[in-house]
Amino acid sequence: MPEGHTVHRLARTFTTLFDGRPLRVSSPQGRFADGAAVLDGRRLVASEAWGKQFFLGFGEGEPLWLRTHLGLYGAWTFAGAPDAPEVAHAIGAPRRRIGERETTPGGPAAVDPAGHEPWAPPPPRGQVRVRLLGEHAVADLTGPTACEVITGEEKAAVEARLGPDPIRDDADPAAFVAAVGRSRVTVGQQLMDQAVVAGVGNIYRAEALFRAGVDPLRPGRDVPEAVVRAIWDDLVVLMRDGAEHGAIVTTRPEHRTGEPGARRRTRQNTDGNPDAVPADQAFYVYHRDGLPCRVCGTPVLVKELAGRNLFWCPTCQV
DNA sequence: GGGCCATGAGCAT
DNA sequence: TGCTCCTGGCCCG
């Protein structure tokens with residue numbers, strides 16, 4: 001569920017918690033036992049996101065990379081000692097409750113020679129594929145669609161298949177504009193194609209097309225180049241904001257009205273921020289089928305396209 | 001305790 | 001286009 005903004009948050013979180021530190025790597029569930037053994041004891045030397053792909057580099061010498069992909073329901077959860085940097089408790093599938101940071105202080109009397117409270121990580125909860133343990137924090141991965149150890153060369157090959165990522169500084173918008181413009185495939189499908197643009201998922205697709213006023217079923221090559229470019233620029237703003245705040249919010253303030261009848265609520269990682277935009281005010285069309293469009297009042301439509309639900313306003317998007 | 005669902009994607013057909 | 005895999009929360013009985 002995690003769209004690209006989530007993965008960039010992850011990359012930052014790992015840097016904060018573990019950068020430069022040797023890690024104990026294990027697979028409590030057992031399904032990654034071999035890979036864990038290869039990485040165990042190595043130092044974390046890099047933490048990178050490209051779209052929904054997440055890469056952790058492990059030294060020494062030529063780094064080996066742990067490539068993970070959260071898929072639809074993967075998540076990382078974190079716990080730390082009281083002296084660990086403050087990070088979100090969990091990042092990934094939104095069904096997870098984002099509560100207070102889980103701290104597990106040690107016994108009251110004992111203090112280790114460094115002056116820190118002794119700390120022991122909590123037991124793994126659920127199907128933990130990988131556990132990364134540093135001296136004052138632990139990260140558990142559940143439900144990934146991909147989890148493997150690869151070389152730098154293999155990492156480059158994965159990246160070569162990805163389109164530009166609006167959150168990355170090195171992204172090339174021209175590649176996106178060209179890809180959309182040369183294809184008859186609908187722009188709705190193109191936005192979900194990670195080779196066209198990396199990191200966009202079902203929410204950003206629906207919302208960016210609404211904000212651009214573009215019918216998702218229009219062939220890419222029929223969308224004016226300036227409009228495609230504007231979609232890119234909008235994705236840059238929306239996705240960087242999502243990475244910063246941990247939640248997708250695409251509505252402008254003047255369009256935010258609560259909807260008691262909204263059919264589903266999407267929980268978001270807002271770090272408990274009281275100023276966070278409520279989930280039922282965050283989107284224009286995503287999960288709002290049957291509800292009136294926030295701009296024109298026309299009921300929002302939904303249709304299954306390539307196995308995913310597509311949401312749009314037939315009046316505002318042409 | 002069973003079925004359904006989800007912000008995803010690879011592969012067979 | 002249709003399977004399949006990954007996990008757990010929620011709804012229903």
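Side-chain atoms are counted along with the backbone in the values below, which use heavy atoms only and exclude waters and symmetry mates.
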Next on the checklist: Using modelled atom types and a 3.5 Å cut-off, is there a donor and acceptor pairing between side-chain atoms of A:Asp140 and backbone atoms of A:Pro124?
Outcome noted: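 Side chain of A:Asp140 to backbone of A:Pro124: no pair is present.
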
Checklist entry - From B:dG8, B:dA6, C:dC5, pick the nucleotide closest to the side chain of A:Tyr286? => result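 Nearest nucleotide to the side chain: B:dA6.
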
Donor-acceptor pairs are to be reported for all side-chain atoms of residues 173-186 of chain A against protein atoms at under 3.5 Å, with residues two or more places apart or in another chain.
{"from": "A:Ser183", "atom 1": "OG", "to": "A:Val185", "atom 2": "N", "distance (Å)": "2.9"}
{"from": "A:Thr186", "atom 1": "OG1", "to": "A:Gln189", "atom 2": "N", "distance (Å)": "3.2"}
{"from": "A:Thr186", "atom 1": "OG1", "to": "A:Gln189", "atom 2": "OE1", "distance (Å)": "3.3"}

Checklist entry - Without hydrogens or angle criteria, can the side chains of A:His287 and A:Asn309 be said to hold a donor-acceptor pair below 3.5 Å? => result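 Side chains of A:His287 and A:Asn309: no pair found under 3.5 Å.
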
Item to check | Inter-nucleotide C1' distance (B:dT7, C:dT1), Å rounded | outcome: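 To the nearest whole Å, 22 Å.
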
Item to check | Atom P, compared across C:dC5 and B:dT13: separation rounded to whole Å | outcome: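 Approximately 14 Å lies between the P atom of C:dC5 and that of B:dT13.
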
For nucleotides 9-13 of chain B, list the nitrogen or oxygen atoms of the protein found under 3.5 Å from its nitrogen or oxygen atoms, one pair per line.
{"from": "B:dA9", "atom 1": "OP1", "to": "A:His69", "atom 2": "NE2", "distance (Å)": "3.3"}
{"from": "B:dA9", "atom 1": "OP2", "to": "A:Lys52", "atom 2": "NZ", "distance (Å)": "3.2"}

Item to check | Gap between atoms NE2 and P, on A:His5 and B:dT7 respectively (whole Å) | outcome: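 Spelled out: NE2 on A:His5 to P on B:dT7 is 13 Å.
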
Next on the checklist: Without decimals, in angstroms, what is the distance between A:Asn202 CG and B:dT7 C1'?
Outcome noted: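 Value for this atom pair: 7 Å.
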
Checklist entry - Is the phosphate of C:dG8, meaning OP1 or OP2, less than 4.0 Å from a side-chain N or O of A:Arg125? => result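 For A:Arg125, the contact criterion (side-chain N or O under 4.0 Å from OP1 or OP2 of C:dG8) is not met.
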
Next on the checklist: Test: salt bridge (charged side-chain N to carboxylate O under 4.0 Å, His left out). Region: residues 52-63 of chain A. Which pairs qualify, not counting sequence neighbours?
Outcome noted: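 Residue pairs passing salt bridge (charged side-chain N to carboxylate O under 4.0 Å, His left out), neighbours aside: A:Arg43-A:Glu60.
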
Next on the checklist: Within the supplied structure, the quantity of interest is the number of heavy atoms (other residues, nucleotides, ligands) at a distance under 6.0 Å from A:Asp34 CG; does it exceed 12?
Outcome noted: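 Counting other residues, nucleotides and ligands, CG of A:Asp34 stays at 12 neighbours or fewer.
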
Next on the checklist: Just to be sure I understand the rule, does A:Gln29 reach a base, reach only the sugar-phosphate, or reach nothing, if contact means heavy atoms closer than 4.0 Å?
Outcome noted: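 A:Gln29: backbone/sugar contact only, no base atoms under 4.0 Å.
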
Next on the checklist: Less than 6.0 angstrom separating the ring centers of A:Phe78 and A:Phe18, yes or no?
Outcome noted: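 No, too far apart.
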
